Amino acid sequence: GTFVNRPVSQLDAYDYDAFGDTRGFLYYSGPARVKEFADRRRSLVLSLASRYAAAPDERAKTAVYFSRSTLNAIADIRALAAHDNCRVTILAQDTPAGFVTQDGEYLAASEVFYKLLAERLGASVIDVRASFHVAGYKFADPVHLNSNGADEISALMAGKIANRPVPRFP
């Protein structure tokens with residue numbers, strides 16, 4: 001740390017960049033806990049997609065994913081983007097527990113949310129989740145990527161945005 005008279009702590013494992021963002025280099029080493037989080041993540045995403053499919057009308061379908069206040073915020077974002085004459089692009093993301101769960105059924109179920117959000121925003125979606133391969137050294141815990149994972153997912157997204165070949169990662 002750089003604070004005077006402050007004892008060393010686990011926070012010293014984080015680097016702060018010029019913008020004040022942290023870059024963590026911790027890595028997760030407890031796979032049993034990840035399995036538990038992955039199972040719960042999978043169950044949640046499949047459940048939401050199932051509820052969406054079973055909803056009787058468009059209003060009920062939309063309510064599975066978005067509250068009224070969220071819909072108002074989405075409308076505000078769309079209006080601001082239109083006013084500024086800019087496009088909105090959604091970068092599909094997940095948690096490490098979600099990345100562990102990436103089979104076809106899970107990805108299809110999670111795409112329901114991104115498609116609905118894209119429709120509401122008049123946006124496109126960039127989804128590189130299937131290209132990201134989770135490994136213990138890429139995440140800090142079942143919810144957060146560390147710097148290695150964040151750098152990789154960012155590079156994959158940047159490649160798609162720039163319409164350039166996506167870099168290969170181990």
Side-chain angles (χ1 to χ4, degrees), residues 21-78 81 87-161 163 166-170:
D21 295 326
T22 59
R23 294 183 43 81
F25 297 96
L26 301 174
Y27 65 92
Y28 191 73
S29 61
R33 189 84 169 133
V34 171
K35 172 89 169 90
E36 177 186 327
F37 276 88
D39 290 346
R40 283 195 295 197
R41 177 72 179 163
R42 178 183 176 76
S43 177
L44 172 65
V45 169
L46 295 179
S47 171
L48 289 170
S50 177
R51 286 177 38 211
Y52 178 86
D57 56 40
E58 285 306 309
R59 183 173 179 209
K61 287 178 182 296
T62 301
V64 170
Y65 291 102
F66 304 119
S67 67
R68 174 60 33 211
S69 62
T70 299
L71 290 171
N72 290 339
I74 291 169
D76 288 347
I77 292 168
R78 185 174 183 157
R87 294 187 337 241
V88 174
T89 301
I90 298 166
L91 303 175
Q93 179 59 287
D94 214 329
T95 65
F99 286 123
V100 168
T101 316
Q102 290 203 7
D103 58 75
E105 183 182 28
Y106 176 85
L107 287 172
S110 63
E111 284 173 5
V112 173
F113 166 78
Y114 290 109
K115 286 181 181 176
L116 186 60
L117 180 59
E119 287 172 12
R120 291 284 178 167
L121 282 171
S124 59
V125 178
I126 293 177
D127 190 350
V128 297
R129 293 175 299 151
S131 300
F132 181 83
H133 302 288
V134 76
Y137 70 90
K138 296 178 185 178
F139 59 102
D141 59 47
V143 179
H144 301 96
L145 295 173
N146 65 15
S147 293
N148 297 317
D151 287 349
E152 180 177 332
I153 199 80
S154 296
L156 292 168
M157 289 178 181
K160 284 282 195 182
I161 291 169
N163 199 25
V166 176
R168 292 198 178 269
F169 291 90

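The figures that follow rest on heavy atoms only: side chains count, while hydrogens, waters and symmetry mates do not. Since we're looking at a predicted model, the values are computed, not measured. In this chain, numbering begins with 1 at the start of the sequence shown.
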Per-pair distances, 0.1 Å, donor-acceptor, side chain in residues 44-57, under 3.5 Å, sequence neighbours excluded:
| unit_1 | atom_1 | unit_2 | atom_2 | d |
| --- | --- | --- | --- | --- |
| Asp57 | OD1 | Arg59 | N | 3.2 |
| Asp57 | OD1 | Ala60 | N | 2.8 |

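- Taken from NZ in Lys160 to OG in Ser124, the straight-line distance is 12.0 Å, to the nearest 0.5 Å.
- The structure places CD1 of Ile153 at 5.5 Å from CD of Gln93, a figure rounded to the nearest 0.5 Å.
- If you look at Phe66 and Phe113, their ring centroids are closer than 6.0 Å.
- For the residue pair Lys61 and Leu116, the shortest heavy atom distance occurs at O-CD2, 4.4 Å.
- A distance of 13.0 Å separates CD in Glu152 from OG in Ser147, rounded to the nearest 0.5 Å.
- Using a distance-only test at 3.5 Å, with no hydrogens or angles considered, a donor-acceptor pair links the side chain of Ser154 to the main chain of Ala150.
- Residues satisfying the side chain to side chain donor-acceptor pair (under 3.5 Å) test with Asp103, not counting sequence neighbours, are Arg42.
- Taking every heavy atom of both residues into account, Tyr65 and Ala109 meet most closely at OH-O, 4.1 Å.
- At least one donor-acceptor pair closer than 3.5 Å links the side chain of Asn148 to the backbone N or O of Tyr137.
- Summarising the geometry of Tyr114 relative to Val125, their closest heavy-atom pair is O-CG2, 3.8 Å, with the distance given to 0.1 Å.
- Side-chain contact between Arg41 and Tyr106 is present, with at least one heavy-atom pair separated by less than 4.5 Å.
- Atom CZ of Arg87 sits about 13.5 Å away from atom CG of Leu121, to the nearest 0.5 Å.
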Stepwise side-chain contact (heavy atoms from CB on, under 4.5 Å) check, Val88 with Arg78: CA-CA 8 Å; Val88 174; Arg78 185 174 183 157; over 6 Å; no
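- In this view, Val100 and Val34, Ala38, Val134 satisfy the side chain to side chain contact (heavy atoms under 4.5 Å, CB included) rule, not counting sequence neighbours.
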Full working for side-chain contact (heavy atoms from CB on, under 4.5 Å) between Asp127 and Ile90: CA-CA 8 Å; Asp127 190 350; Ile90 298 166; over 6 Å; no
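- Using a distance-only test at 3.5 Å, with no hydrogens or angles considered, no donor-acceptor pair links the side chain of Arg120 to the main chain of Ile74.
- Taken from CG in Asn146 to CG in Asp151, the straight-line distance is 8.5 Å, to the nearest 0.5 Å.
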Verdict with supporting geometry, Thr62 and Leu71, side-chain contact (heavy atoms from CB on, under 4.5 Å): CA-CA 9 Å; Thr62 301; Leu71 290 171; 3.8 Å; yes
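- The existence of a salt bridge linking Glu36 and Arg40 is confirmed by a sub-4.0 Å separation between a basic side-chain nitrogen and an acidic carboxylate oxygen.
- Contact check for Asp141 versus Pro96: no side-chain heavy atoms found under the 4.5 Å cut-off.
- Relative to the six-membered ring of Phe132, Lys138 meets both conditions, a distance below 6.0 Å and an angle of at most 45° to the axis.
- The line from CG of Leu117 to OG1 of Thr70 is 10.0 Å long, rounded to the nearest 0.5 Å.
- Across all non-hydrogen atoms, the minimal contact from Ala92 to Arg129 is CB-NE, 3.8 Å.
- Judged purely by atom type and a 3.5 angstrom limit, Thr101 uses its side chain to pair as donor or acceptor with the backbone of Ala97.
- You'll find the side chain of His144 stays beyond 4.5 Å of the side chain of Thr95, heavy atoms only.
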